Structures are given as structure tokens and as C-alpha cells.
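Chain naming here is simple, since letters A, B, ... match the order of the sequence lines and numbering starts at 1 in each. Given the structure is predicted, the values throughout are model-derived calculations rather than measurements.
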2 protein chains.
Amino acid sequence: MVHYSEARLDTAFAALSDATRRGVLEQLGRSEASITELADRFHMTLTGMKKHISVLERAGLVTTRKVGRVRTCRSGLSGLEEEAAWIENYRKMWSARFEALDEVIEELQAQENDDERHGK
Amino acid sequence: MVHYSEARLDTAFAALSDATRRGVLEQLGRSEASITELADRFHMTLTGMKKHISVLERAGLVTTRKVGRVRTCRSGLSGLEEEAAWIENYRKMWSARFEALDEVIEELQAQENDDERHGK
DNA sequence: TATATACTGAACCATATGGTTCACTATTCA
DNA sequence: TGAATAGTGAACCATATGGTTCAGTATATA
């Protein structure tokens, strides 16, 4: 099975566990923005938003660059690959189990039919 | 755009942000287990594991049922639908942006060729 | 019935989180 | 140069988290 960096998944999922940060990600999906702009939009102090951006940056979900006074934030595309892969993997595992169950059921039914055909 | 329950996403992503809990989910993907069994496997007190299970249960990622003394835990299949959808949605948004960019670039190139053909 | 097992819950602890204010630096603009 | 703007960082606060221990309840087993 594929192995993921646990620490990486920790910080990424933790970053995603806050509604404001998910909102920021959606916003940045539409257009870049400065920290001040984001702070305004999400009714929060500049310092507060700065913290959120730091969290998102550490998680690799956002990249920033500073030009003059203003730091511009943009969504970091590659950030969700690993998380999506983890979730997908987990779901596949389940699908596999259900398919296995289906097979067992089919086999049992086939056997029943078999029994019927051979009497008893 | 689809709307997700922010509180639901909060708790689900938070639940996924811990390596032990992700491990438990993987384990439960392979087979059901009692809390004691999980506590042993993850080198943790029974009480500690109970807390993790509670978190996973609240997040809708695990279901449990108690028979006699023992509470059996099983992976809650439906739990990850919404998170996967959120991530997918976010990624699609980005794909769309890149496609739009591609179109712009293509148009610019087409215009360049056009200019060349008509001289100037 | 006595003992062991499986869980539950309260209390505690250290650390992290989400937010604030305040003081500071660096840039821009009049 | 002086005032406004954008960000940074430290300190603080309340609450949450991940873990523990200890004391309890409920169930199984000898």
C-alpha cells in the first residue's frame, strides 16, 4: 500500500478543519488576494488572518510572495493531491470489501442452486 | 456551487488530522475490532482509544455497537463522501482556471500567427 | 458468589488553537 | 520629511486536544 507522510497529512487535514481557512482557499481559488483583503472579507484582524495564512502555507495549501508592503496569497494547487489520495485509498479499500462480500454471496447462491439441482 | 455543512467538515477534517485515528480507520477497513484490541495495537490506554473512537464516531467516520461487555467498531463507509467532494470541488476549480489560462494562451498564439500572416 | 474483563467517565496535565491587542518595521504617498 | 498603510511578532486569553490515572459499572467466567 502507498505510504503517506503522516506529519504532512496531520498538518494538511488540520489546516482544512477550520471553516475560515476553507473559505480562504475557495476565495484564493477565484483570485489572489492580500492578507488585508482576506482579513476584511472574513471579518477578522490582520494578525488573525496572517496566522491562518501561515497555517495554510505550512500545510502547503497556499503560497505567498511579498512585493513592497503587500503579501499576495495564492492557492497552492498541489496541496491537496496527497489528502485526496488518502481518502480515495480508504474508499477503495471499502469498495474492495463490498466486492468481496458480493462474491461470497454469489458463491453461496450458486451453491444453493447447485444443491437444488442435485436434490437436497 | 454545492454547499457543505461547515460544522460537519470541521469535525471530519479534524478527526482525520490525527495519525492514530487514520491508522484506526485503515485498521477498521480491514476488519472490525473492539476498543481493547485497538488500544493494544496502537499502544495506548483503553481510555485513550475510547476517546479517539468517540471523535471518529462524532465525525461519522466510524460506527459502533455494544454487545455484552465489548463495543465493536466498524468503519463508517459514508463518512468520507463529503470531504472527498469538497477536495474534488476545490481541485476542479483549479483545473478550470488552468483551462481558461490555456485558452487565453492559445488565443494569443493564434493572434500572433494571424499578425504574422498579414504582415506586421 | 467471587474474580477478571471491557468499557465509561471524571479529573488532571501539557500543549496547541483561534482569536485578540499592542508595539514595531518597512513601504508608499503627499 | 511626515503620515498613512501593510505586515510582523510577542504576549495574552479561553477553549480544545491527546494523553494519562483512578474510580466506577456491567458482563462474563470459574
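- Put simply, NZ on Lys51(A) is 10 Å from C1' on dA16(C), counting in whole angstrom units.
- Nucleotide dG19(C) holds its P atom 11 Å from the CZ atom of Phe42(A), rounded to whole Å.
- Side chains of Met49(A) and Val24(A) form a contact here, defined as non-hydrogen atoms less than 4.5 Å apart.
- Inspection of the Arg71(A) and Thr64(A) side chains reveals an N or O donor paired with an N or O acceptor under 3.5 Å.
- Rounded to an integer number of Å, the gap from Leu38(A) CG to dG19(C) P is 14 Å.
- Rounded to whole Å, the distance from CE on Met49(B) to C1' on dT5(C) is 18 Å.
- Candidate nucleotides dG7(D), dG19(C), dG18(D) were compared by shortest atom distance to the side chain of His52(B), and dG18(D) ranks first.
- Looking only at side-chain heavy atoms (C-beta outward), His52(A) and Phe42(A) stay at 4.5 Å or farther from each other.
- Rounded to an integer number of Å, the gap from Arg21(A) CZ to dG19(C) C1' is 12 Å.
- A heavy-atom distance below 4.0 Å to DNA chain D is reached by these residues of residues 63-72 of chain B, ordered by number: Gly68(B), Arg69(B).
- Nearest-nucleotide mapping onto DNA chain D: of Gly48(B) and Arg58(B), the residue sitting toward the 5' end is Arg58(B).
- In this model, no side-chain donor or acceptor of Lys50(B) finds a partner on the base of dG9(C) within 3.5 Å.
- Residue Thr45(B) has its side chain nearest to dT20(D) when only dT20(D), dG19(C), dG18(D) are considered.
- Atom CG of Leu46(B) and atom C1' of dG19(D) are 13 Å apart (whole Å).
- Distance CG (Asp18(A)) to C1' (dT15(D)): 14 Å, rounded to an integer number of Å.
- Val70(B) and Met44(B) are members of different hydrophobic clusters when ILVMFWY side chains are connected at heavy-atom separations under 4.5 Å.
- The shortest distance between side-chain heavy atoms of Leu56(B) and Leu25(B) falls below 4.5 Å.
- Between Arg74(A) and Leu28(A), every side-chain heavy-atom pair lies at or beyond the 4.5 Å cut-off.
- Backbone-only contact: Ile35(A) has heavy atoms under 4.0 Å from sugar-phosphate atoms and none from a base.
- Look at CG on Leu56(A): it is 14 Å from C1' on dT17(C), rounded to the nearest Å.
- Here the side chains of Gln27(B) and Glu37(B) are not in contact, with every heavy-atom distance at 4.5 Å or above.
- Annotation: of the two residues near DNA chain C, Ser34(B) and Met44(A), the 5′-most nearest-nucleotide partner is Ser34(B).
- At a cut-off of 3.5 angstrom, counting only N and O atoms as typed in the model, there is a donor on one side and an acceptor on the other between the side-chain of Thr47(B) and the base of dG9(C).
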